[in-house]
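Basis for what follows: all heavy atoms, side chains included, without hydrogens, waters or symmetry-related copies.
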Amino acid sequence: MKATEKVTDEDTIKILCPRLILIKKEPGLQWLIGSPFFPPFTIISTLKSIHTSFSSSSPDFIKESDDLRTLLIKGFDVIGAVVAGGSSSDDGEKNAREAIGWARKLREFVIGGGGENLENRELIGAVAGLSGGEVKFFVERNGNVMAVDSVVYEENQENFVWERGCLFRCNLPIKMPVYFPVKNETDAEKMYLRAAEAVASSFKDPLASYMVERLSKDISSVPQPVIIRGVDLDFNTDLTNIKLVDDKAAQDSDAKKLTCAHFCLKSKSSPGLIYVENADVIQVSVLFNSSGKPPKSSAPLAEYFPALEEARLFFVNFELEVLCYVAKDLLLMSAISKLIIPALVDQFDSMKKAVLPKLLVQHPQLCSYHFNPPGLLHPITVIYELNYGETELKQVEVRRSLHTRLGLPFDRPLLRIANALDFSMMKDGSGNISKRKGPSLLKDVHIGIPSSGGGVVSLVQGSYEYHHYLQDGFDDSGWGCAYRSLQTIISWFRLQHYTSIDVPSHREIQQALVEIGDKDPSFIGSREWIGAIELSFVLDKLLGVSCKIINVRSGAELPEKCRELALHFENQGTPIMIGGGVLAYTLLGVDYNEVSGDCAFLILDPHYTGNDDHKKIVNGGWCGWKKAIDSKGRNFFLHDKFYNLLLPQRPSMDPLVSDLRFVPSHLGLYPSIQFNNLAFFYSSFGSESEVLRFGDPVASRVCLGSRSEPSTEFRFEDCIDWTSVKMATSEGFLTDEQREMLKTASQNAENLLSSSPKGLFPSPLFSDHHLKVPAAGKSGIAGNAVRHVRRSHSGKHVRVKKDGGGGKGTWGKLLDTDVESHIDRNDPNYDSGEEPYQLVGATISDPLDDYKKAVVSIIEEYFSTGDVEVAASDLRELGSSNYHLYFIKRLVSMSMDRHDKEKEMASVLLSALYADVISPSQIRDGFVILLESADDLAVDILDAVDILALFVARAVVDDILPPAFLTRAKKALPESSKGFQVLQTTEKNYLSAPHHAELVERRWGGSTHITVEEVKKKIADLLREYVESGDAVEACRCIRELGVSFFHHEVVKRALVLAMEIRTAEPLILKLLKEASEEGLISSSQMAKGFARLEESLDDLALDIPSAKSLFQSLVPKAISEGWLDASFMKSSGEDGQAQAEDEKVKRFKEEVVTIIHEYFLSDDIPELIRSLEDLGMPEFNPIFLKKLITLAMDRKNREKEMASVLLSALHIEIFSTEDIVNGFIMLLESAEDTALDILDASNELALFLARAVIDDVLVPLNLEEIGSKLQPNCSGSETVCMARSLIAARHAGERLLRCWGGGTGWAVEDAKDKILKLLEEYESGGVLGEACQCIRDLGMPFFNHEVVKKALVMAMEKKNDRMLDLLQVCFNEGLITINQMTKGFTRIKDGMDDLALDIPNAEEKFNFYVEYAQKKGWLLASFGSSVGDGSSKAVAAT
């Protein structure tokens, strides 16, 4: 290049994009974007270069050009580059030259030699420093690089762009046929490319025509469409060489001379507000005239092309939609030939390349969308592949890279499909791009209003719409201010692109409150007020937005919250709703003076009733700064009213993966349908939709399609017809009187099933639970199969005759006639068996009585044998699952009159039958009838109350009854009843004591349990006794009586060790093991396992027995030769050096992953763990990692177990295959018996991990079958798999398993603290005691209730109101807060007393009083200190 020259003053860089977008404070390369329709050196935007060449630091031009060819709409192109992070001084020119060279090369790749003279194109190079943000510009002209000092930032950027140009849009669906030889599929790619080439060339076909029109409903207001023919188009001239035409040419009737201005509006209603969404949009339609008139007349001609071999045909579908920016003064013909057609060719080429790798499989579903994200002055185009939905991981990464390239924030869903530009016609007929129904509203009314002065101003961040009284022609004056404030808040979320739902109307807001159950149906259409609580419900349902609520007792206290409000505007930036008395306002900002404490509020008043005149609104004070007390001494906020402030929280999620709701379906409910006077609606809680029929005690399951696409077709015949369910009878053998009795009973049963949920149960307890949706597609009542019934098209029930014959609208049964038949004894075919039976009387047996008699024998047999599996099997075979609640009553009542052994056995059986045989609701109802019969039981059993209390406590500890059962049951029982005493005893004596779970489990001696250490001791004793006596028969009997077949490998191991220790005992030991093997007492797997465990411990054993290794090597051949040790053991133990090296590698891997897992348990950093695993580079050992992860987690607390389950989900998405997960669990289950040596409850916890993996979609249920098939039958691992299946099949399995480790609530600790503070503030401001307790219970975090105690005490100190003590008393009485949690809460106050005393001067005195009060009430453990300081007694006395 030539030497640098100084440009003239008329050469100026004009920048349209905002300064912050141009100068990003991060190193790298950014492309400068301009337009051939703008003056030279005009920059409209910048795009970051995100692809770098591996061989050098230069960009990867192939990838960059592919991206920009799709992303940039035609009419914009690359005009230069800026190097961020370089120096703008000495080496600035060098960097600028390099940037210009890169920009020129990129243009070559993008344009592809399309006729443009690239060498003569004037380009910009710039260098931006990171420190001061200084940018130095250079331009290249005719090979010379020149510095430019004149830089101008345009103020009215939107007007600059859209006053000059408009948008052309063209959508073209293509269905492309492809033939290829069946025997040579490799030719398919070649034939596909040939067909695509033919399609691309057809865009320039002279016979093609292009219809240009402006879309509008008002035909009279727009010009008529114009047809441009392909034969008239010029594809050779470069766009830069085409001159623009004056507007006068637009008046010419010749289509060849019309400009784009012909279809643009001559004037805008709001000339100061021109932007993408109201720009002129012109539609172009492509018409292929395949039947055009030929040049010469001739007869029709048909050509025949024979196929050389058998061919296959398939179609490839393309949905092209392109957008172009066109100067209004450009000829229509040039716009089509230079912009529209090249855009179609480029987009078709991009889609063609995306389809090619998947040509012979499922083709990708490619769709193009256009976006105009904030800060960008021009639209962009993105092609999404939507085969698996928008949230598929591949699409997430695409959007992430787009956010990076465009410099967009990662906390907003700006490039989700719902935020794409919508080119449908406007209601007003303008034909412009629209996103909102109804007229446009005033936005950002507060802009331009001066602050009140004197403090720091904190304002709402982003745009909003002003909603007020009488808007949209709806009269809500006097009652709708809170509704309008809510609409303003939702408009903020819309305009910030967090959601695309329309701002709801008053009726839609009321409908949402009714749907979530907060209001009755009569609320819809009413004029009732709503407040902050209702607004939070609606925001949660419609948007999924959480809110914080601040309560103040009086308007005089609002200034005290000014600092907190300022922090909200700085951190969250959302509008705030203030409600007090009968008025509601929208708060847009605060002006707070830290020194003086003065505060002013920027109020947007929804009570305004005039037209949308900005000047009138501001001058009238409807939007302005308000002080709590104005200059005239008047109070803006009333001192005799309490106020609630609703602070919506900005969503904290990754919008690239998940988004706020775009449809109001927070509860998974779809629109209801009406069928035969019965109301139904679809629910998407489960993997299959459910149908709820209100009024029924149960929910009948109907498959209605997938979660994402609920079926609109309702097949009533697939439901359970409860009204036609009859008891199975032998009607032919009943008398007329008995038939009448049966008919009456059946009618009563129908009424019971159709109208009385309570009638199905023995008690009104928990009747409100019977309408819940069954989990996992289960029917509400176990054992009821779907019954198919015939129904007419009218929806009426049709009684169908036996064998399918007869009935209105039916064909009738085979050989049916209308003639009555009679029996003739003289008929040659007479059969005496056809004679009518003589009706005799018979007693109708009560099925409940039969059931009760049958279960007594089952229980007696169980008490004799102790075989849980047999008892469960007998109960299943008995059927009558509706009566299982009486089994519970009979089992417990029979054990109460026996020894502790039977009581323990009864508890064990109940736990085993839970969810698998007896449903949770039947367990609950069985205990209900037990409590109701406690008075009768006490007559025969003196200590019935205490025994029953212990059974209830044991059920709670075993997780077959929820703790909430006690509270609900007490409300339904008389206080004078024995059942009420049982519940009180359960709470105070058993569930409130320290270590109550362990005490309750061992209360009856735990006779069915035995510890590992006890088993080991018994094994050692019996082996030593055998060595002394030599009685192998007696030794085998003792081994059998241990009843631990899964632990027999310990017998083998200890026997071999004993043989090494006492050399003379070796023959006896070998004899015992041989006889135990031949009798089947010790299985071959347990035998091999015992030898393997001994082999692993030989190094340690050699310290005590020096010759241990040689002795072991001599024992193995003997055992194999005698046939009681499998020969494969010798092979496995005799591996050579290669196997040892492999073992060393595995050992090293295990050591590494143990460290990685421990670090993860400390840091909770999943990405770091994944990086560490990838650095190890041993993916073949992934199953070993899974085994080690779960094994380590099982030996820790629930927190680590929850972390392990969460990590499994992340690993499955990132680096683990399903096969890795399956193999890992197989390894775990194969070693389950070994794990049980160290972790007593290993089997249950492994079952929970397995079931949780299925719930988290890490495994599918079919994988459990695969895992079970690879395990030995009847082993501990197989039982664990069965247990996991039972857990998954249980009702509400998803919710239970997600919270099995204390997680699944989706709350962080800070969220829980915030919710606790809200419920306590609501209770303190006048809330109901029972409601506050219910809120604490709904938190579902009993281990965190000490925080409730702490915050309640602090609030009592701050407010000087001891009302909180009443709440704590009730919580303690109901067992909601245990004595341990209560003590922990007081301890945390005590530990933080020094800090607390800084805010509350008399905190120590108040706390001493609370401690003494709590000790009197029995809230605290005796170990808790009674005083905080020396002035304890004085503080109490003063109080």
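- With a 4.5 Å cut-off on side-chain heavy atoms, Asp475 and Leu470 count as touching.
- For the pair Leu421 and Asn372, the minimum side-chain heavy-atom distance is below 4.5 Å.
- The shortest non-hydrogen separation linking Met577 to Ile489 is CB-CD1, 4.0 Å.
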Please test Asp540 against Val545 for side chain to side chain contact (heavy atoms under 4.5 Å, CB included), starting from the C-alpha separation and ending with a verdict. CA-CA 5 Å; Asp540 180 53; Val545 169; over 6 Å; no
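- Ring centroids of Phe636 and Phe601 are separated by 6.0 Å or more, keeping the two rings apart.
- In this structure, CG on Asp502 lies 12.0 Å from OG on Ser491, to the nearest 0.5 angstrom.
- Glu158 contributes no side-chain N or O that, together with a main-chain N or O of Leu377, makes up a donor-acceptor pair within less than 3.5 Å.
- Inter-residue side-chain proximity for Thr609 and His468 is flagged as unmet; no heavy-atom pair is nearer than 4.5 Å.
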Could you walk me through whether Leu486 and Ile509 pass side chain to side chain contact (heavy atoms under 4.5 Å, CB included), step by step? CA-CA 9 Å; Leu486 175 61; Ile509 293 170; 3.6 Å; yes
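- Annotation: salt bridge (Lys or Arg N to Asp or Glu O under 4.0 Å) contacts of Arg507 (sequence neighbours excluded): none.
- Legend: residues meeting salt bridge (Lys or Arg N to Asp or Glu O under 4.0 Å) with Asp476, ordered by chain and number and at least two apart, are Arg484.
- Here the side chains of Asp1314 and Lys548 are in contact, with some heavy-atom distance below 4.5 Å.
- When every heavy atom of Leu1319 is checked against every heavy atom of Ala1332, the shortest pair comes out as CD1-O, 4.3 Å.
- The backbone N or O of Pro648 lies less than 3.5 Å from a partner atom in the side chain of Thr574, making a donor-acceptor pair.
- In the model, Ser546 has no side-chain atom that pairs as donor or acceptor with a side-chain atom of Gln649 under 3.5 Å.
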Which atom pairs, one a donor and one an acceptor, fall under 3.5 Å between side chains of residues 526-537 and the rest of the protein, sequence neighbours left out?
| residue | atom | partner | partner atom | Å |
| --- | --- | --- | --- | --- |
| Ser526 | OG | Phe523 | O | 2.6 |
| Trp529 | NE1 | Gly478 | O | 3.3 |
| Glu534 | OE1 | Gly531 | N | 2.9 |
| Glu534 | OE2 | Lys519 | NZ | 3.1 |
| Ser536 | OG | Ile533 | O | 2.5 |

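- In this structure Tyr464 satisfies the ring pair (Phe, Tyr, Trp, His ring centres under 6.0 Å) test together with His446, sequence neighbours excluded.
- Residues Tyr608 and Asn611 come closest through the heavy atom pair OH-O, 2.6 Å.
- Checked by atom type and distance alone, the side chain of Asp613 pairs as donor or acceptor with a backbone atom of Lys615 at under 3.5 Å.
- Distance alone, capped at 3.5 Å, places no donor-acceptor pair between the Asp520 side chain and the Ser522 backbone.
- The side-chain heavy atoms of Leu495 and Lys443, taken from C-beta on, include a pair separated by under 4.5 Å.
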Should Ile603 and Tyr585 be marked as a side chain to side chain contact (heavy atoms under 4.5 Å, CB included) after you check the CA-CA gap, both sets of side-chain angles, and the distance that decides it? CA-CA 7 Å; Ile603 298 294; Tyr585 304 99; 3.8 Å; yes
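- Ser1325 and Asn551 form no side-chain donor-acceptor contact under 3.5 Å, judged by distance and modelled atom types alone.
- Heavy-atom minimum distance, Ile501 versus Arg494: O-NH1, 2.8 Å.
- Across all their heavy atoms, Leu414 and Pro374 have their closest contact at CD2-CD, 3.8 Å.
- The main-chain N or O of Tyr1323 is found under 3.5 Å from a side-chain atom of Arg1363 such that the two form a donor-acceptor pair.
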Residue pair Glu557, Lys561: steps toward the salt bridge (charged side-chain N to carboxylate O under 4.0 Å, His left out) verdict: CA-CA 7 Å; Glu557 298 180 8; Lys561 303 295 182 181; over 6 Å; no
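- Side-chain N or O atoms of Asn593 include one that pairs as donor or acceptor with a backbone N or O of Ser596 at under 3.5 Å.
- Between Phe637 and Tyr643, the ring center distance clears the sub-6.0 Å criterion.
- Thr586 and Ser485 are linked by a side-chain donor-acceptor pair at a separation below 3.5 angstrom, with hydrogens and angles left out of the test.
- Although no hydrogens or angles enter the test, the distance criterion places a donor-acceptor pair under 3.5 Å between the side chain of Asn1345 and the main chain of Leu1376.
- Once rounded to the nearest 0.5 Å, the distance linking CE of Met1355 with NZ of Lys1350 reads 12.0 Å.
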Show your working on side chain to side chain contact (heavy atoms under 4.5 Å, CB included) between Leu1353 and Leu1365 and close with a plain yes or no. CA-CA 8 Å; Leu1353 293 176; Leu1365 299 180; 4.3 Å; yes
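- Within the 4.5 Å cutoff, the side chain of Gln461 has no heavy atoms near those of the Gln496 side chain.
- Note that CG of Leu645 and CG of Leu565 are 6.0 Å apart. Values are rounded to the nearest 0.5 Å.
- To the nearest 0.5 Å, the span separating CG on Leu638 from OG on Ser554 amounts to 8.5 Å.
- Here His506 pairs with Phe474, Trp479, Tyr483 under the ring pair (Phe, Tyr, Trp, His ring centres under 6.0 Å) rule; sequence neighbours left out.
- Here Glu1322 pairs with nothing under the salt bridge (Lys or Arg N to Asp or Glu O under 4.0 Å) rule; sequence neighbours left out.
- Tyr466 has its side chain within reach of Leu604: a pair of non-hydrogen atoms, C-beta onward, lies under 4.5 Å apart.
- Expressed to the nearest 0.5 Å, how far SG of Cys1371 lies from CE of Met1364 amounts to 10.5 Å.
- Here the side chain of Glu465 pairs no donor or acceptor atom with the backbone of Leu441 at under 3.5 angstrom.
- Side-chain contact check for Val457 versus Leu602: every heavy-atom pair is 4.5 Å or farther apart.
- Of the inter-residue distances, the one linking Cys599 atom SG with Lys627 atom NZ reads 9.5 Å to the nearest 0.5 angstrom.
- Atom NZ of Lys626 has more than 12 neighbouring heavy atoms from other residues, nucleotides or ligands inside a 6.0 Å radius.
- Nearest heavy atom pair, residue Ile576 against residue Leu647, reads CD1-CG, 3.9 Å.
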